[in-house]
Novice: 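Okay, handing you the structure first.
Any value given below was found using the heavy atoms of this structure, including those in side chains, with hydrogens, waters and symmetry copies removed.
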Amino acid sequence: MSTDPLRVVVADDQALVRTGFRLILESEGIEVVAEADDGEQAVAAVRRTRPDVVLMDIRMPVLDGLEATRRIVADTAQEAPRVIMLTTFDLDQYVYAAMAAGASGFLLKDVTPEHLAAAVRLVRSGDALLAPAITRRLVERFARPDAPAAPHRELAALTPRELQVMTLLARGLSNAELAAQFGLSEATVKTHVARILGKLGLRDRAQVVVAAYETGLVSVGSGPGPA
């Protein structure tokens, strides 16, 4: 993990929210390099400051957080930052859409100061903020069960074991549960997950869950994985 100072852009149309988050983050030694009160400003601020993490409100004027996230993640001129969506609802359909677009998770706006700082550090390290089981709840609630699968062109590159790991990861199993299921060490499971991410060009575990449903590898209503 990088030891450079952690740099954040805060995008929210409420000045009090931005100020509160800035004070919390700066008290934890995290630098807020820019603020934005709409999505277009957020995209411009990211291009200008190249932060590590963006705290992105979903509902903003001019350009909403969902489209702003798509543009930020799709920008190939620089390495895209991790995006954490801010919402007032714990199961928001836009959160699912944002994860599919490349966001690494979401936080409720009433998050505690300790959780806010920890979440920013977590996604900066390369992990998804959402546990697979929570991601699965979002997918099952908002994915269309009758939608045709969208085959991922690299899915065939996965080994049989990697497909097994991806399937059970999408059903909510943790690394420890996957290790027990397959009789492997957690380190080996992490290696399998890293290879899945690399082969499929995915950013984190949350996107693995989304991809597993969207490709039909796991279907809505298929139930949790083995205990």
Side-chain angles (χ1 to χ4, degrees), residues 2 4-111 113 115-117 119-130 135 138-139 142-143 150 201-204 206-207 210-211 214:
S2 173
D4 294 335
L6 207 168
R7 305 170 74 253
V8 176
V9 166
V10 179
D12 194 291
D13 62 346
Q14 298 180 56
L16 285 176
V17 172
R18 298 196 308 273
T19 299
F21 280 8
R22 173 187 283 274
L23 291 173
I24 291 169
L25 293 172
E26 290 182 343
S27 72
E28 292 287 333
I30 297 170
E31 182 182 3
V32 176
V33 295
E35 296 181 18
D37 60 15
D38 64 53
E40 282 191 354
Q41 289 185 17
V43 174
V46 167
R47 289 173 178 164
R48 183 177 70 253
T49 64
R50 302 192 176 187
D52 302 296
V53 177
V54 181
L55 294 173
M56 179 79 73
D57 187 19
I58 289 180
R59 295 172 176 84
M60 289 187 293
V62 184
L63 186 71
D64 65 26
L66 177 57
E67 181 57 30
T69 296
R70 288 195 186 103
R71 295 185 187 184
I72 289 169
V73 172
D75 188 351
T76 58
Q78 58 182 297
E79 182 179 355
R82 303 283 169 168
V83 179
I84 300 175
M85 306 306 298
L86 301 172
T87 179
T88 54
F89 305 101
D90 65 349
L91 278 179
D92 189 315
Q93 61 181 320
Y94 296 108
V95 174
Y96 167 68
M99 287 194 304
S104 294
F106 77 95
L107 288 172
L108 297 179
K109 287 191 179 182
D110 61 358
V111 61
H115 192 188
L116 175 65
V120 169
R121 291 191 176 102
L122 178 68
V123 298
R124 194 270 194 109
S125 74
D127 287 333
L129 180 58
L130 288 179
T135 309
L138 282 164
V139 173
F142 296 114
L202 302 175
R203 290 164 58 82
D204 51 44
Q207 282 202 303
V210 173
E214 290 187 340

Novice: Closest heavy-atom contact between R124 and P5?
Specialist: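 Nearest heavy atoms, R124 then P5: NH2-O, 3.7 Å.
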
Novice: Would you give the length of the straight line joining atom CE of M85 to atom CG of L108, rounded to the nearest 0.5 angstrom?
Specialist: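 CG of L108 is found 13.0 Å from CE of M85.
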
Novice: Taking only residues two or more places apart in sequence or in another chain, which ones pass side-chain contact (heavy atoms from CB on, under 4.5 Å) with R71?
Specialist: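 Only V43, L63, E67 meet the side-chain contact (heavy atoms from CB on, under 4.5 Å) criterion with R71.
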
Novice: Between atom CE of M60 and atom CG of L86, what is the distance when rounded to the nearest 0.5 Å?
Specialist: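 Output value for this atom pair is 8.5 Å.
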
Novice: For residues A36 and A42, report the shortest heavy-atom separation together with the two atoms involved.
Specialist: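 Scanning both residues completely, I find the closest heavy atoms to be CB-N, 3.4 Å.
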
Novice: For a quick test of reading the model, state the closest non-hydrogen atom pair linking L55 to L25 and the distance between them.
Specialist: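 Here L55 and L25 meet closest at CD1-CD1, 3.9 Å.
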
Novice: Mind checking side-chain contact (heavy atoms from CB on, under 4.5 Å) for R7 and listing every partner two or more places apart, or none if nothing turns up?
Specialist: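 Result, side-chain contact (heavy atoms from CB on, under 4.5 Å) vs R7: E31, V33, T49, D52.
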
Novice: For a quick test of reading the model, state the closest non-hydrogen atom pair linking V83 to M56 and the distance between them.
Specialist: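 Shortest heavy-atom contact: CG1-CB, 3.9 Å.
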
Novice: I need the minimum non-hydrogen distance between I58 and D64, along with the two atoms involved.
Specialist: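 So the minimum-distance heavy-atom pair works out to O-CB, 3.5 Å.
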
Novice: Show which side-chain atoms of residues 8-15 pair as donor or acceptor with protein atoms under 3.5 Å away, not counting sequence neighbours.
Specialist:
| from | atom 1 | to | atom 2 | distance (Å) |
| --- | --- | --- | --- | --- |
| D12 | OD1 | Q14 | N | 2.8 |
| D12 | OD2 | K109 | NZ | 3.0 |

Novice: I need the E28 CD to L6 CG distance, nearest 0.5 Å.
Specialist: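 It comes to 11.0 Å.
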
Novice: Calculate, to the nearest 0.5 Å, the distance between atoms CG and CD1 belonging to L122 and I84 respectively.
Specialist: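 L122 atom CG to I84 atom CD1 measures 8.0 Å (nearest 0.5 Å).
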
Novice: Tell me the closest heavy-atom pair linking V54 and P81, and the distance in Å.
Specialist: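 So the minimum-distance heavy-atom pair works out to CG2-CG, 3.7 Å.
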
Novice: What is the distance from atom CG of D57 to atom CZ of F21, rounded to the nearest 0.5 Å?
Specialist: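 So the CG of D57 and the CZ of F21 are separated by 9.0 Å.
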
